[in-house]
Amino acid sequence: MVQGLNAESAAQLNAGLARVRERFVSSLSDRVDDFYDLLGDLQEEQDWLDACADLRARAHKLHGICGSVGFPEIGEKAASLEAKIDSLGSELQREDIDDVRCFLNSLLDEMEQNLDAA
Amino acid sequence: MRILAVDDDELIRELLLATLEAHGYSEITLAESGEDALRKIAAAGTPFDSFMFDIQMPGMDGIELTRQVRDMAIYRDAPVVMITAMNQKEYIDRAFLAGATDYVTKPFDTTELVTRVRLADKLQSESRRAAAAVKHSVPSQSSKPAFGEPIVIEEIKGYVSNGVLQNYVMIMKEQMQKAIGAFAIRVPELERVHGASSAEEFAYVVTDVAEVISDALVGTQAFVSYIGTGVFLCVGPRRLLPEPQAAQDHLITMLNDPELVYCEEVSTSFTAQVGDAASPKLLERREDLRFLDRAVDNLSAAPKRNPLSQTHRVAGRVISHAA
């Protein structure tokens, strides 16, 4: 029983949440691929700064949704990556990218484990 | 309740829709960006009752969207709940300064989300009742709100209503625990002003006083609210709150500058009592707002600068709307 809801409304909510969770699981594989692309772009002389900004935006989105659809561990890793990039701020240097890559790899490990289990 | 929910993440929009519909909110409009939201607001035949905005979105962010919505007369008092993964104080402060009335951090629990929406609904109903009372009142003593009642004050930077201040306190407690503090300021002469002036004139004077307090607190990152009985409550980072004696001296000087506080109806000089700060206690729940009452209680021990001012017992109490 969902708190404060009658059986019918609770069933409606649970069905809605299950739908969102299912869509999230379906998107997980594409999200992993996108993160691998960005991991590659981080190595590129021309692209690393844009890749970092893109990574932050995607990690932020992941951080926002994961806990609500039953994947809090992915959300925590995404939040850590987002916080790492934020902590580097506007003074971000090429040599900081190793740190970013380390946090990204940790997030990818978590996503792939969940993908295997799903 | 007609709700406009704005988020650039399609899954979050779907999650909001599923949660709100299951809890009986059937008139939900979704928008994918700030720009999309403004288009939908402009096209709405019946105005929205409440808004839910993400902060970080491509293009116009949720804080700018809040500012633009607040600039529309029809939505000046509408509840705006920020729903965001940005949990740093800077973002929380910016959102409340822009006019947000509440703040929910992602990832959100559906029960918590609905609690906040119901609170927004309640705030909106109270605000409508207050506005209707003002609209239908005739300018006489009998229609004047009691001295113990808060009054509506608008467009002062850092000033928020009592309900919004409580929402701010709850989100700050959630994010920072003991780091916030509250103190109260009492201007005893407001009781005489209330007794001898109309509701409108009293509101003007209280607004001037609120503006002086807001100016005096620049740099402290504090939010201010008038809770009635001549008492203003201020909440901010404890380490930045002013020392009471210095704040009292500063305030008395400013309050007696006729260019800052204009009071034609009652011949009076103003004094101010500033209480010691109070902070949340360890292990207090998020919804436990008793430290605000402790801040008001501290006024009873605050020195009175002007020996001619009357001794008043603090009657004001923070009326909690927390769930």
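Just so we're clear, the structure is a prediction, and the values are computed from it rather than from any experiment. Residue numbering restarts at 1 for every chain, and letters A, B, ... go by the order of the sequence lines.
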Proximal component of B/E21, with respect to chain A [non-hydrogen, under 4.5 Å]: both
Engaged part of A/E82 at the chain B interface, taking heavy atoms whose separation is under 4.5 Å: side chain
Proximity of B/Y168 and B/Y103 rings by center, below 6.0 Å: no
Choice from A/G67, A/P72, A/G64 maximising heavy atom contacts with chain B below 4.5 Å: A/G64
Salt bridge B/D7-B/K106, side-chain N to carboxylate O under 4.0 Å: yes
Near-ring test B/Y159/B/F223, centroid separation under 6.0 angstrom: no
Check: B/Q68/B/E64 side-chain N/O donor and acceptor closer than 3.5 Å: yes
Chain A contact via B/D109 - side chain, backbone, both or neither, heavy atoms under 4.5 Å: neither
